[in-house]
Amino acid sequence: MQPRIPRQSVSEPGGHRADHDVRLGEELAAVVSGARRRAVRDGDRQIDTAHLLHSLLEHDPEVRAVFEGGPQLARLLAYLVQRSIGYGLRWQGSVEDSGAVPVVTEADGLSPLAAGAMGYAHERAAGRGADQANGVDLLAAVVTDPEARAVEVLTRAGIDAAALLSGLEGRVSDSR
């Protein structure tokens, strides 16, 4: 029986994958792997910040807690699910890039903004003395750029991404 989700070999673009980055740890490696599966399933060439946001919400209870559960979280998940059948279809075949930094053509299968978010998550972790980034670090990173697809999804779900980022700036996770 053929798997529904094709596997990428090391020789394919994105073969040296971000989910094998030792700075991630097991938890974020699972998040990146989930985002990669979602990107492939959605027919996207690269993992973008919305894929990362969706996977964070699926895998990390601490990230879900940031959204205080209830209607806000349900609305956000609904928009993320709709991405593959609705408004997200316009993103297919395009590269997520705000134009703020030079376009990176091959960044481990990540869009330029997602690659930048991974870097920022590592910097944020290092700033608090941790060797590895965690889910809250990555959440803060994916909402940093107002042009990110994750920010668009949050806005459509009625969540103020700037206020979210402001609240995350002082938040330090217990997991190190």
Side-chain angles (χ1 to χ4, degrees), residues 8 12-21 23-25 27-60 63 66-67 76-77 79-84 86-127 132-169 171:
Q8 283 185 331
E12 291 181 57
H16 171 69
R17 298 177 346 193
D19 44 341
H20 296 300
D21 189 330
R23 299 174 299 172
L24 291 180
E27 293 171 10
L28 280 190
V31 168
V32 174
S33 290
R36 181 173 311 287
R37 284 189 300 275
R38 187 167 301 288
V40 169
R41 187 173 48 241
D42 290 350
D44 296 327
R45 292 185 342 221
Q46 297 176 319
I47 297 169
D48 63 27
T49 58
H51 292 123
L52 291 172
L53 175 61
H54 198 160
S55 192
L56 275 168
L57 290 168
E58 289 178 332
H59 289 91
D60 193 322
V63 169
V66 167
F67 295 98
L76 177 56
L77 285 169
Y79 274 102
L80 286 163
V81 168
Q82 287 177 14
R83 142 182 205 134
S84 62
Y87 74 92
L89 291 176
R90 65 185 166 84
W91 291 337
Q92 279 186 338
S94 66
V95 175
E96 178 188 38
D97 179 36
S98 68
V101 294
V103 173
V104 178
T105 55
E106 287 298 325
D108 297 333
L110 302 168
S111 73
L113 286 181
M118 295 298 288
Y120 178 72
H122 294 303
E123 290 172 20
R124 190 174 190 272
Q132 298 175 331
N134 63 32
V136 173
D137 293 326
L138 186 54
L139 176 62
V142 299
V143 299
T144 300
D145 191 319
E147 298 296 317
R149 291 178 181 168
V151 171
E152 182 177 336
V153 170
L154 288 164
T155 301
R156 288 180 177 262
I159 299 168
D160 183 347
L164 174 64
L165 180 59
S166 178
L168 292 172
E169 287 302 321
R171 186 179 176 134

Undergrad: Is the backbone N or O of D48 less than 3.5 Å from a side-chain atom of S111, with the two atoms forming a donor-acceptor pair by type?
TA: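 No, S111 side chain to D48 backbone: no donor-acceptor pair under 3.5 Å.
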
Undergrad: Any non-hydrogen side-chain atom of L28 less than 4.5 Å from a side-chain atom of L56?
TA: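 Touching, per the 4.5 Å side-chain cut-off.
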
Undergrad: Under the rule for side-chain contact (heavy atoms from CB on, under 4.5 Å), what residues qualify as partners of A39, not counting sequence neighbours?
TA: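 side-chain contact (heavy atoms from CB on, under 4.5 Å) list for A39, sorted by chain: D44, I47, H51.
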
Undergrad: Quick check: do V153 and H54 have side-chain heavy atoms less than 4.5 Å from each other?
TA: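 Heavy-atom side-chain distance check fails, nothing below 4.5 Å.
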
Undergrad: Distance from T144 atom OG1 to Y120 atom OH, nearest 0.5 Å?
TA: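 So the OG1 of T144 and the OH of Y120 are separated by 5.0 Å.
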
Undergrad: Restricting to side chain to side chain donor-acceptor pair (under 3.5 Å), what partner residues turn up for E58, sequence neighbours left out?
TA: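 For E58 the side chain to side chain donor-acceptor pair (under 3.5 Å) partners, ignoring immediate neighbours, are R38.
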
Undergrad: Quick check: closest heavy atoms across A30 and S55, and the distance to 0.1 Å?
TA: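 That would be O-OG, 4.2 Å.
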
Undergrad: Working to the nearest 0.5 Å, report the span between CD of Q46 and CZ of R36.
TA: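 Rounded to the nearest 0.5 Å, the CD-CZ separation comes to 10.5 Å.
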
Undergrad: Identify the heavy atoms of A141 and A117 that sit nearest to each other, and give their distance.
TA: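 So the two residues come closest at CB-O, 3.1 Å.
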
Undergrad: So, taking the atom named CG in L164 and the one named CD in E169, what distance separates them when rounded to the nearest 0.5 Å?
TA: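 Going from the CG atom of L164 to the CD atom of E169 covers 10.0 Å.
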
Undergrad: Can you list the steps and then say if V136 with R124 is a side chain to side chain contact (heavy atoms under 4.5 Å, CB included)?
TA: CA-CA 10 Å; V136 173; R124 190 174 190 272; 3.9 Å; yes

Undergrad: Roughly how far apart are L138 CG and D60 CG, rounded to 0.5 Å?
TA: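 One finds 9.0 Å between CG of L138 and CG of D60.
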
Undergrad: Looking only at atom types and distance, does a side-chain atom of S166 sit under 3.5 Å from a main-chain N or O of A162, one as donor and one as acceptor?
TA: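 Such a contact is absent between S166 side chain and A162 backbone.
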
Undergrad: Atom CG of L53 and atom CZ of R149: how far apart are they, to the nearest 0.5 Å?
TA: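 CZ of R149 is found 13.5 Å from CG of L53.
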
Undergrad: Closest heavy-atom contact between A148 and V142?
TA: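 For A148 and V142, the tightest heavy-atom pair comes out as CB-O, 3.6 Å.
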
Undergrad: Please check: side-chain N/O of Y79 versus main-chain N/O of A157, any donor-acceptor pairing under 3.5 Å?
TA: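 No.
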
Undergrad: How long is the gap from CG on L139 to CG on L154, to the nearest 0.5 Å?
TA: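 If I round to the nearest 0.5 Å, the distance is 7.5 Å.
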
Undergrad: Would you say V151 and D145 make side-chain contact, with heavy atoms under 4.5 Å?
TA: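 SC-SC contact between V151 and D145 ruled out.
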
